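Read through the structure below, which is laid out as structure tokens, and then see the notes.
Naming convention: chains lettered A, B, ... in sequence-line order (proteins, then strands); numbering from 1 in each chain. Since the structure is predicted, the reported quantities are computational estimates derived from the model, not experimental observations.
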There are 2 protein chains.
Amino acid sequence: MGTTESQRGRTPRGRAASIGLSRAQIVAAAVAQIEAKGLAAFSLRELARSLGVSPAVIYWHVGGAKEDLFAAIAATITGGLAEAQDPSAIWTERLRQVFHAYRASVHCHPKVSPLLGAQMKSNGVASLDWIETVLVALAEGGFEGDALRDAFNALIGGLCGFVTMELAPGPASEDGAWEERVAQRMAEVDPKTHPLTHAALPQLANRIFVLRWQNGAQVSYDDGYAVLLDLLIDGLAARAANFPNTSPAEPKHG
Amino acid sequence: MGTTESQRGRTPRGRAASIGLSRAQIVAAAVAQIEAKGLAAFSLRELARSLGVSPAVIYWHVGGAKEDLFAAIAATITGGLAEAQDPSAIWTERLRQVFHAYRASVHCHPKVSPLLGAQMKSNGVASLDWIETVLVALAEGGFEGDALRDAFNALIGGLCGFVTMELAPGPASEDGAWEERVAQRMAEVDPKTHPLTHAALPQLANRIFVLRWQNGAQVSYDDGYAVLLDLLIDGLAARAANFPNTSPAEPKHG
DNA sequence: CGCATCAATAGAACGATGTTCAATTGTGAA
DNA sequence: TTCACAATTGAACATCGTTCTATTGATGCG
């Protein structure tokens with residue numbers, strides 16, 4: 001299951017011409033390199049080069065391919081995410097905590113985040129604990145069956161999608177030719193035909209629809225995410241309040 | 001701005017050893033090829049090959065690079081999206097129409113959709129009309145300033161993010177080794193430690209968190225998207241109802 | 001103590017990719 | 001006719017992911 005039998009024995013530093021390279025070290029180095037130079041510029045060969053190692057070593061340690069390395073990275077990042085909730089809080093509050101934790105966790109590795117979106121779809125969310133957390137909270141609110149499924153999909157799709165999209169990488173060129181094109185694009189907005197877009201440009205342009213980085217620092221979407229979270233959870237709470245026969249707490253034997 | 005001066009004259013079929021290749025034809029062929037073989041398997045060389053042409057031709061026609069071709073594709077797809085609304089409808093209804101139209105439009109080219117997510121960030125949404133439509137609707141609801149900005153970000157981030165995420169590609173391997181890994185992953189879900197996840201597996205597994213394709217046909221997230229849309233727009237309407245001094249219709253001279 | 005095993009590495013090789021560049025072609029204009 | 005130049009070609013370069021066949025050297029066993 002992903003461990004590829006490489007470190008099944010407890011031989012911490014191998015037994016041969018080892019440099020002592022481990023799977024975890026490779027994953028860590030890959031994350032560092034992606035975070036440094038961007039996902040588009042990432043290559044197995046340069047990863048091997050930065051580790052002072054032959055490219056084949058990565059295949060031996062990680063498994064089959066680049067894809068397995070990406071899966072390992074995603075699993076590393078979303079691990080230990082379910083602990084972010086306070087079990088004594090009400091379910092709506094727990095949802096808030098969990099999704100804020102998700103965003104915070106992903107924001108720790110912005111350039112790696114596209115991998116999360118893809119890997120969440122292919123391998124399932126790396127941390128099942130996290131999924132279970134969300135489902136438990138919704139169930140406590142009285143959701144079940146199709147309503148549970150739809151609420152879950154709306155939450156995961158909307159909130160994880162928001163994070164994925166806000167961190168989506170711009171063009172690969174890191175040399176500022178991009179900024180020029182953006183400025184050009186902004187200047188093209190015609191106040192006559194798009195008055196509100198033009199008026200909101202200082203408010204919006206640097207936010208969601210053009211720039212992501214400003215002077216090298218990341219632009220904040222915190223408020224938009226907070227509003228999205230409020231709308232979703234408050235709305236779900238309102239729906240839950242209308243469920244026919246449900247006490248606010250546990251529906252089963254407790 | 002993206003046209004790269006290639007077809008500035010009105011010489012429809014060139015003037016030389018032309019095959020009569022145009023930028024639009026290249027873009028169309030690229031979309032077709034991506035839709036047929038997937039985005040990960042797309043290459044400029046094979047595009048040129050399928051057009052019976054040298055790879056350099058694409059550079060000459062499209063502009064600098066692969067990235068410019070992607071930008072052109074994104075612009076082609078999200079064009080003419082603002083017409084999907086009924087101008088006489090109330091603003092909440094118009095928002096619903098516009099975002100349903102967005103999803104439908106993107107779903108017409110599922111494999112190209114990852115490009116939309118990225119290009120929406122870099123070049124700005126291809127269709128400014130569409131942005132304007134959303135802003136006008138929100139303004140009619142009474143949103144302005146920071147509230148407008150946050151509502152806009154929540155809507156765009158959540159809804160476009162949902163679509164981006166639901167269409168996110170799985171692993172590149174199209175040969176079913178993926179299905180095996182997924183089945184394996186599903187079998188690993190322990191009813192003891194993750195009871196709700198396990199119980200909801202038949203409802204959820206084929207939905208958001210594992211499979212995207214089932215027997216080659218696309219799985220539907222329609223209900224989840226509808227719930228998300230309802231939660232967001234109903235919530236915004238509720239907020240708008242609490243705005244101090246706003247008549248339900250136009251805030252300005254009309 | 002010696003030897004065979006085998007984890008762990010190196011290095012070369014293959015095909016494919018994105019991109020660039022120096023030719024070449026043929027048409028429309030002078 | 002001649003010239004400029006849009007349009008295309010093909011070769012070339014560096015890089016990439018991946019696979020294959022060695023080689024190395026510690027380790028457990030006899």
Side-chain angles (χ1 to χ4, degrees), chain A residues 3-26 29-30 33-34 37-73 171-175 177, chain B residues 3-26 29-30 33-34 37-72 171-173 175 177:
Chain A
T3 68
T4 69
E5 318 239 351
S6 50
Q7 68 277 46
R8 61 148 185 264
R10 75 293 318 269
T11 49
R13 73 173 12 256
R15 77 134 137 321
S18 286
I19 323 182
L21 210 49
S22 78
R23 186 182 156 100
Q25 285 169 27
I26 292 179
Q33 185 168 122
I34 293 175
K37 305 206 171 183
L39 181 62
F42 173 78
S43 85
L44 284 185
R45 290 186 108 104
E46 192 164 313
L47 173 61
R49 223 172 287 140
S50 82
L51 287 167
V53 141
S54 157
V57 171
I58 288 159
Y59 283 79
W60 196 93
H61 274 285
V62 168
K66 203 179 181 182
E67 205 114 17
D68 294 76
L69 178 58
F70 285 168
I73 291 177
S173 64
E174 299 277 350
D175 54 356
Chain B
T3 69
T4 69
E5 319 239 351
S6 49
Q7 68 278 47
R8 61 147 187 265
R10 73 294 319 268
T11 49
R13 73 174 12 255
R15 79 135 136 320
S18 284
I19 324 183
L21 210 50
S22 77
R23 186 185 157 98
Q25 284 169 28
I26 293 180
Q33 185 167 122
I34 292 175
K37 306 205 172 185
L39 181 61
F42 173 78
S43 85
L44 284 186
R45 289 186 108 104
E46 192 164 314
L47 173 60
R49 223 172 286 140
S50 83
L51 287 168
V53 140
S54 157
V57 171
I58 288 158
Y59 284 80
W60 195 93
H61 273 285
V62 168
K66 203 178 182 182
E67 205 114 17
D68 295 76
L69 179 58
F70 285 169
S173 63
D175 53 355

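The CD atom of Glu46(B) sits 5.0 Å away from the OG atom of Ser43(B) when rounded to the nearest 0.5 Å. Atom CZ of Arg49(A) is separated from atom OG of Ser54(A) by 11.0 Å, given to the nearest 0.5 angstrom.
When the side-chain nitrogen and oxygen atoms of His61(B) are compared with OP1 and OP2 of dT8(D), one or more of them lie within a distance under 4.0 Å.
In this structure, the CH2 atom of Trp60(A) is 13 Å from the P atom of dC6(C), given to the nearest Å. Rounding to whole angstrom units, CD1 of residue Ile26(B) and P of dT8(D) are separated by 8 Å. Between the P atom of dT9(D) and the CD1 atom of Ile58(B) lies a distance of 10 Å, rounded to the nearest Å. Protein atom CZ of Arg23(B) is 13 Å distant from nucleotide atom P of dA7(D), rounded to whole Å. Nucleotide dG18(C) holds its C1' atom 13 Å from the CG atom of Leu47(B), rounded to whole Å. One interatomic measurement links the two molecules: CG of Leu51(B) to C1' of dA7(D), which rounds to 15 Å at whole-angstrom precision. Here the P atom of nucleotide dA8(C) and the CD atom of Gln25(A) are 12 Å apart, to the nearest Å. Leu69(A) places its CG atom 10 Å from the P atom of dT18(D), with the value rounded to the nearest Å.
In this structure, His61(A) and Arg23(A) approach most closely via the heavy-atom pair O-NH1, 3.9 Å. The two residues Leu51(B) and Ala29(B) have their closest heavy-atom pair at CD2-CB, 3.9 Å.
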Write down the protein N/O and nucleotide N/O pairs, taken from nucleotides 12-16 of chain C, whose separation is under 3.5 Å; answer none if there are no such pairs.
residue, atom, partner, partner atom, Å
dA13(C), N6, Arg45(A), NH2, 3.2

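Of the candidates dT17(C), dG18(C), dT8(D), dG18(C) carries the atom nearest the Lys66(B) side chain, counting heavy atoms from C-beta on. Which of dT9(C), dT20(C), dG17(D) sits closest to the side chain of Leu44(A) comes down to dG17(D).
Here Phe42(A) pairs with Ala30(A), Gln33(A), Ile34(A), Leu44(A), Leu47(A), Lys66(A), Leu69(A), Phe70(A) under the side chain to side chain contact (heavy atoms under 4.5 Å, CB included) rule; sequence neighbours left out.
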